[in-house]
Amino acid sequence: MTDPSFPIERMKTRPQFLAAAKAPSCARGAVVLQARDRADDSPVVRVGFTATKKVGGSVIRNRAKRRMREAARMLIPVLARPGHDYVFIARGGAPTRPWDRLLDDVKSALLSLAADSDTPARAPARAPSPTVRAGA
RNA sequence: CCAGACGGCCGGGCGGUCGCUCUCACCUUCGGGUGGGGGAGGAAAGUCCGGGCUCCACGACGACAUGGCGGCGGGUAACGCCCGCCGGGGGCGACCCCAGGGAUAGCGCCACAGAGAGCAGACCGCCUGGCCCUCGGGUCAGGUAAGGGUGAAAGGGUGCGGUAAGAGCGCACCGCGGACCCAGCAAUGGGGACGGCAUGGCAAGCCCCGCCAGGAGCAAGACCGAAUAGGGACCACGCGCCGGUUCGCCGGCAGGGCUGUCGUAGGCUCAGGGGUCCGGGUAGGUCGCGAGAACCGUCCAGCGAUGGGCGGUCCAGAGGAAUGAUCGCCAAUGCCCGUUUCGGCGGGCGGCACAGAACCCGGCUUACAGGCCGUCUGGUUUC
RNA sequence: CGGGGCGUAGCGCAGCCUGGUAGCGCAUCUGCUUUGGGAGCAGAGGGUCGAAGGUUCAAAUCCUUUCGCCCCGA
């Protein structure tokens, strides 16, 4: 394993997932990835996995989560940003997609979200719209 | 060889690389690390039954209500499960299916059609008699359930006798009921004097009879136990001044805060905070949690389900939920191409069932690509 | 884990208990009315009663199994 400069934890509770659901997301191939900057002082990276009943039965759902977990184990220490929460959501092809394609999906989603987070337009000091929002 | 019936079993294997979890041993800078070992199923599923276990309730027994079960005998911890037998139905057969007690305990229902549908019923017919008559028939009073027609079902069936025509009216056979006899533990089967047909169906309609059942469920239950806010006890400081006091407080004056600010007046309000400890208890954690109605082999009893003896084995314990990801080879099957001495051989593609323990067992039901073994039945060919 | 309910026409519902004819409203179609539309009036079409099996002469209804959806309790 590469040397991670931050500890990695697993997200388990419903409020954690709900908070991440409001964050920017990125769909690539068989997975949807959500990334949320917790904006606290901790550098911990938290990772969560989920698969809905729409994907399939319990065997299919658990296989999808195992494959996403394996992909996260390989890519998160390299590509994640400290202090962020990541949620992997399985889509229909997650259990059957070729393995290197699945890795490409996750890698490209992680890079895309990281680039999006670096854009200054996403900063909170964005200028308000001059039309309606006077003071909120 | 083909078609089929029944019973049982498997439902990938091996090897790299990287991981997860439990356990044991060692090391440790107490964070962890290294090595060995274990790590999903026949249905783990649906949650349809029966138990273990835990808590609650409860003098004992009985009755009632409600729910379930229902041929007989056996097996079992128990069952609505299993085995054997009986009865009924289906199949040429091996074999399969059946909620299979009671309809003279009572209530209820049997639509439509049809004359009549439940102590039945004369529409068309058939027969007898009276009257009328154009001798074809009509009408009236009776008899009659053999025939037509309706229906799921028409109150035994066939034949002969009998009769005005008919009718269990009589007889024979069959069916039904049946005292009694025989076989069997029993369900039931065989025989059967006699009866002379009285007794239609539905109880997966109410019901009757017999049997069974207290309720809830591991989120049961037990233990440990933060932060915050309540509760209680103790400690020291504080609790303005004056007066009264039944020691709870009361009155007056003074003080702080609020009433936007300042002054005045008025109103409201405050009179304590700190430390230590205790108790309940939330989040959370630990236990419950796997050596048992266990599995494997073998012997004995039994037709069998099953029971017993002996020997051996230890066989998952997670917690948003581990038991995996990926790569290669092989097995097996399908398709295509080439070749063939029609047995095969070589190459390519594809390489796949249903499905994931959540306290644990015994069953049932449902899902399931492909394959293997055994026994039996029917047919065909050859010897 | 336990308990309860629902599935009937395109949609929302009756009918089931007590078995024999599947009905109501909206929607659709046709005609009338109007200059035209809407509204109104008259009429018509449309349903494997979630699926399979059983009981019965006969099942949407009764029984069993199964599929899907919803709600509640701890």
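Throughout, a chain's letter reflects where its sequence line sits, starting with A, and its residues are numbered from 1. Treat the numbers as computed from the prediction; the structure is a model and nothing was measured. The basis for the numbers below is simple: all heavy atoms, side chains too, and nothing from hydrogens, waters or symmetry mates.
B:rG106 takes the anti form, because its glycosidic angle lies more than 90° either side of 0. With a glycosidic angle more than 90° from 0, B:rG238 adopts the anti conformation. Classification of B:rG31 as syn follows from a glycosidic angle within 90° of 0. B:rG248 has its base syn relative to the sugar, with a glycosidic angle deviating from 0 by at most 90°. B:rG8 takes the anti form, because its glycosidic angle lies more than 90° either side of 0.
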Contact string for nucleotides 353-358 of chain B, one letter per nucleotide 5' to 3', B = base within protein heavy-atom range under 4.0 Å, S = sugar-phosphate only, - = neither, reads --BB--

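B:rG346 and B:rC337 make up a base pair, with Watson-Crick or G-U wobble contacts both under 3.5 Å. A 3.5 Å limit on both hydrogen-bonding distances identifies B:rG324 as the Watson-Crick or G-U partner of B:rC18. In this structure, B:rA193 makes no Watson-Crick or G-U wobble pair, since no nucleotide meets both defining distances under 3.5 angstrom. Across all strands shown, C:rG23 forms a Watson-Crick or G-U wobble pair with C:rC13, both key distances being under 3.5 Å. B:rC30: no Watson-Crick or G-U partner with both key distances under 3.5 Å is found in any strand. Remark: B:rG100 base-pairs with B:rC86. Criterion, Watson-Crick or G-U wobble with two distances under 3.5 Å. B:rC6: Watson-Crick or G-U partner is B:rG374, with both key distances under 3.5 Å. Judged by Watson-Crick or G-U wobble contacts below 3.5 Å, the nucleotide B:rC173 has B:rG157 as its partner.
When the C1' atom is used for both C:rA51 and C:rA59, the distance is 15 Å, rounded to whole Å. Rounded to whole Å, the C1' atom of B:rG116 lies 8 Å from the corresponding atom of B:rA154. Nucleotides B:rG67 and B:rC208 have their P atoms positioned 12 Å apart, rounded to a whole Å. The P atoms of B:rA120 and B:rA145 are separated by 14 Å, rounded to the nearest whole Å. Between B:rC352 and B:rC315, the distance separating the two C1' atoms is 31 Å to the nearest Å. B:rG52 and B:rG214 have their P atoms separated by 11 Å, with the value rounded to a whole Å. When the C1' atom is used for both B:rC224 and B:rG238, the distance is 40 Å, rounded to whole Å. Atom name P, nucleotides B:rA227 and B:rU282: the rounded distance is 15 Å, in whole Å.
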Would you sort out whether A:Phe88 and A:Thr50 count as a side chain to side chain contact (heavy atoms under 4.5 Å, CB included), showing the intermediate values?
CA-CA 6 Å; A:Phe88 291 73; A:Thr50 184; over 6 Å; no

Evaluate the criterion side chain to side chain contact (heavy atoms under 4.5 Å, CB included) for residue pair A:Val78 and A:Ile76; output intermediate values, then yes/no.
CA-CA 5 Å; A:Val78 185; A:Ile76 283 290; over 6 Å; no

Step by step, work out the side chain to side chain contact (heavy atoms under 4.5 Å, CB included) result for A:Leu110 and A:Leu33.
CA-CA 8 Å; A:Leu110 279 170; A:Leu33 189 57; 3.6 Å; yes

Side chain to side chain contact (heavy atoms under 4.5 Å, CB included) between A:Cys26 and A:Gln34: does it pass, once the steps are laid out?
CA-CA 6 Å; A:Cys26 177; A:Gln34 295 170 336; over 6 Å; no

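As a whole-Å value, the separation of A:Arg69 CZ from B:rC18 P is 19 Å. Rounded to an integer number of Å, the gap from CD of A:Glu70 to C1' of B:rC20 is 10 Å. Rounded to whole Å, atom P of B:rC327 lies 9 Å from atom CZ of A:Arg67. What separates CE of A:Met74 from P of B:rU326 is a distance of 11 Å, to the nearest Å. Rounded to an integer number of Å, the gap from A:Arg73 CZ to B:rA322 P is 15 Å. Rounded to whole angstrom, the span from the CE atom of A:Met68 across to the C1' atom of B:rG324 amounts to 14 Å. For A:Leu102 and B:rA325, the CG to P distance is 12 Å, given to the nearest whole Å. Look at NZ on A:Lys65: it is 12 Å from P on B:rU323, rounded to the nearest Å.
Evaluation of the ring pair (Phe, Tyr, Trp, His ring centres under 6.0 Å) rule for A:Tyr86 yields no partner, not counting sequence neighbours. Contacts of A:Arg36 classified as salt bridge (charged side-chain N to carboxylate O under 4.0 Å, His left out), with partners at least two apart in sequence or in another chain: A:Asp85.
Taking every heavy atom of both residues into account, A:Ala72 and A:Val47 meet most closely at CB-CG1, 4.5 Å.
In this structure, the separation between CG on A:Asp37 and NE2 on A:His84 is 4.0 Å, given to the nearest 0.5 Å.
Salt bridge annotation for A:Glu70-A:Arg67: absent, with no cationic side-chain nitrogen under 4.0 angstrom from a carboxylate oxygen.
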